[in-house]
Protein chains: 2
Amino acid sequence: MTTMLEVAKRAGVSKATVSRVLSGNGYVGQETRERVFKAIEESGYRPNLLARNLAAKTTQTLGLVVTNTLYHGVYFSELLFHAARMTEDRGRQLILADGKHSADEERQAIQYLLDLRCDAIVIYPRFLSVDEIDTIIDGHTQPIMVLNRRLRKNSSHCVYCDQKSTSLAAVETLLAQGHRDIAFITGSLDSPTGNERLSGYREALERHGVAVRNELIVEGKWTPASGSAGVATLLERGVRFSALVASNDDMAIGAISQLHGSGIAVPEQVSVIGFDDIAIAPYTVPPLASVKIPVTEMIKETINRLIFMLDGGEFTTQPAFIGELILRGSVSHGPHI
Amino acid sequence: MTTMLEVAKRAGVSKATVSRVLSGNGYVGQETRERVFKAIEESGYRPNLLARNLAAKTTQTLGLVVTNTLYHGVYFSELLFHAARMTEDRGRQLILADGKHSADEERQAIQYLLDLRCDAIVIYPRFLSVDEIDTIIDGHTQPIMVLNRRLRKNSSHCVYCDQKSTSLAAVETLLAQGHRDIAFITGSLDSPTGNERLSGYREALERHGVAVRNELIVEGKWTPASGSAGVATLLERGVRFSALVASNDDMAIGAISQLHGSGIAVPEQVSVIGFDDIAIAPYTVPPLASVKIPVTEMIKETINRLIFMLDGGEFTTQPAFIGELILRGSVSHGPHI
DNA sequence: TTGTATGCGTTATCAG
DNA sequence: CTGATAACGCATACAA
């Protein structure tokens, strides 16, 4: 590998001058500049980023930690795509680290990015507790932002979507149309998101004086198969329902498929609502409505905050997003039990 | 940030000794070792990887370049998941760089990873020509492997799936069952994969003396929507077919949906085959059969080769994979025109 | 406008 | 077994 020193010698100048023309900092004569560029060209010189970043005390990189249980599916793809795009638009590079599938591995991933001297970090945690995250943020000088969690202490360091309110609004839409027997397929209940969507469902019913019936609730695992299984369980129980809320789109797909297979028409007999995290799920028969989580906007806010903090800025406000109910047809169905 | 020097002072030893206990290279007394560990603990010391990698002349990282047009969908997720897993199993870290959507941006991404001094690189190219890739490989000392392309010169540096043979085999399966009017939805024809799958279709027909009819071929764009549109186009043309091959699963999903919407039964009236790149596509009505591309195995072979080369190994063989036809039911259908 | 010298935080080579 | 000390490749304050 040819170094800056070799370029300098070939151009008949010092390393410092080469460094100057490359960084644009400091004055350098027009003629010398050209000689340097020529030498760079001829030698095929490439800067060693390790050395540069070590000396400059900045890497111009943002680190992102995501659990690989999120890798499958379009949600992750969109997340990564926009995060990378936003970061590069701001003249930085994104570095991804795998949070694997445990709190300890999430810790290690964060540590790795920190050891690499990323200027700032984004965490999309799945196993780490909010308390520990707060501790981590306090323990480091690098700006750290957290996606999809509501922090207690560093509240301006997190960007989340109010899953409960979002779920509540979706269920209320059904209630407003006269539905009373509303089934619910949960997400994994070891995830906060899964729990919050469930409690939104509960609260909506309570607010409208509709009893919460446990036989209308089944636990899913975010996958299409678990959506199918959920419907099968409901049918086995012999419970009747005119509407069904699935906690994400994949499960809605599976649920609709299972309903069809059982000879139940959607949406004529059962209205289905999914959580359309990304809005590009390949539905064959789309649900009646979907709740769209504004991932893109959330990422944007996250990166913006991070870079603002890198420039010494401070935030006092706490950004909360809320999902939007997207109708794919009329929801004006009465109960069809 | 506390440095190695501070740890050394606190432990009453030299930097060199601290470095030794950390790396495990060289002898160091049991008692001294413990003092060093204690000092590390107390000071919360973390190694600066920039400095370490600069001095050690190795980063223990593999770089991966992928075009972001691949980000959407499960194919990319699987690719990334396994690449990261394999890399870490071998004690390295994977660094992802975005190839964006042009040859020039793919070049830049490769260059960035090289500048970061990744020990080796994996490229999943979409716009770069094989000739240029060969040139790039020749121009660098770092091992470089290419996925999904068949290189002319550095043939042992690429791992690909013979898309043409794979497609050919799928179509022959249909021909063997008596199908003669076989429609085909292509992928994007600016991609080699899309073209190869199409030429496999063509050759299968030719081999069996069946005329290739252009009205049975429609161009898709890999998306579910383009699969639906493809079927719509075929129906508008008024052309009759008893079987349909979609060049990937997303399009197969769209196509099946459109067939259903038009009152055509699958598989009773039309047999559908997709290319099940990952085999976890959320089908509501699965196609009759899918061609499974062995991505996992391909990634595994790629990483293995790279690390073998890092250890000074050389390859002479050229690994070619071939898709496997997965039947989801009987294909013993006659023509249903 | 350019060169010199020092530092960035490690690894690694030699003495001792 | 341990400690100086020279790289590693570049940025930058300070001189000239």
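Keep in mind it's a predicted model, so treat the numbers as computed, not measured.
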Strictly below 4.0 Å: does [X] bring a side-chain N or O up to OP1 or OP2 of [N]?
X: A:Y27; N: C:dG3; result: no
X: A:N25; N: D:dT12; result: yes
X: B:S19; N: C:dT11; result: yes

Checking all strands, does [X] fall into the base, sugar-phosphate, or nothing category for heavy-atom contacts under 4.0 angstrom?
X: B:S23; answer: nothing
X: A:S14; answer: base
X: A:V18; answer: nothing
X: A:K57; answer: sugar-phosphate

Counting side-chain heavy atoms from CB outward, which of C:dT4, C:dG9, D:dC10 is closest to B:L54?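 Nearest nucleotide to the side chain: C:dG9.
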Side chain to side chain contact (heavy atoms under 4.5 Å, CB included) partner of B:C118, the single match among B:L62, B:T61, B:I110: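 Checked B:L62, B:T61, B:I110 against B:C118; only one passes side chain to side chain contact (heavy atoms under 4.5 Å, CB included): B:T61.
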How many whole angstroms separate atom [atom1] of [X] from atom [atom2] of [N]?
X: B:K9; N: D:dA4; atom1: NZ; atom2: P; value: 13 Å
X: A:R52; N: D:dC8; atom1: CZ; atom2: P; value: 19 Å
X: A:R20; N: C:dT2; atom1: CZ; atom2: P; value: 8 Å
X: B:R33; N: D:dT2; atom1: CZ; atom2: P; value: 9 Å
X: B:R46; N: C:dT10; atom1: CZ; atom2: P; value: 11 Å
X: B:N48; N: C:dG7; atom1: CG; atom2: P; value: 18 Å
X: B:L5; N: D:dG3; atom1: CG; atom2: P; value: 13 Å
X: B:M4; N: C:dC8; atom1: CE; atom2: P; value: 15 Å

Starting at the 5' end of DNA chain D and moving along, which residue's nearest nucleotide shows up first, B:R117 or B:T17?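 Taking each residue's closest nucleotide, the earlier one in sequence belongs to B:T17.
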Taking for each residue the nucleotide of DNA chain D bearing the nearest heavy atom, is the 5' side occupied by B:A55 or by B:T32?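 Of the two residues, B:T32 wins.
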Regarding B:R305 and the six-membered ring of B:F315, is the cationic atom NZ or CZ under 6.0 Å from the ring centre and inside 45° of its axis?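 Verdict for B:F315: a cation-pi partner in B:R305.
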Can you find a side-chain donor-acceptor pair between A:Y160 and A:R150 that sits under 3.5 Å?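 Yes, because at least one side-chain N or O of A:Y160 sits under 3.5 Å from a partner of the opposite role on A:R150.
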Can a side-chain donor-acceptor contact be found between B:T135 and B:E132 if the only test is distance below 3.5 angstrom?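 No.
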Got a second to check how far A:E106's CD is from A:H101's NE2, nearest 0.5 Å?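 One finds 11.0 Å between CD of A:E106 and NE2 of A:H101.
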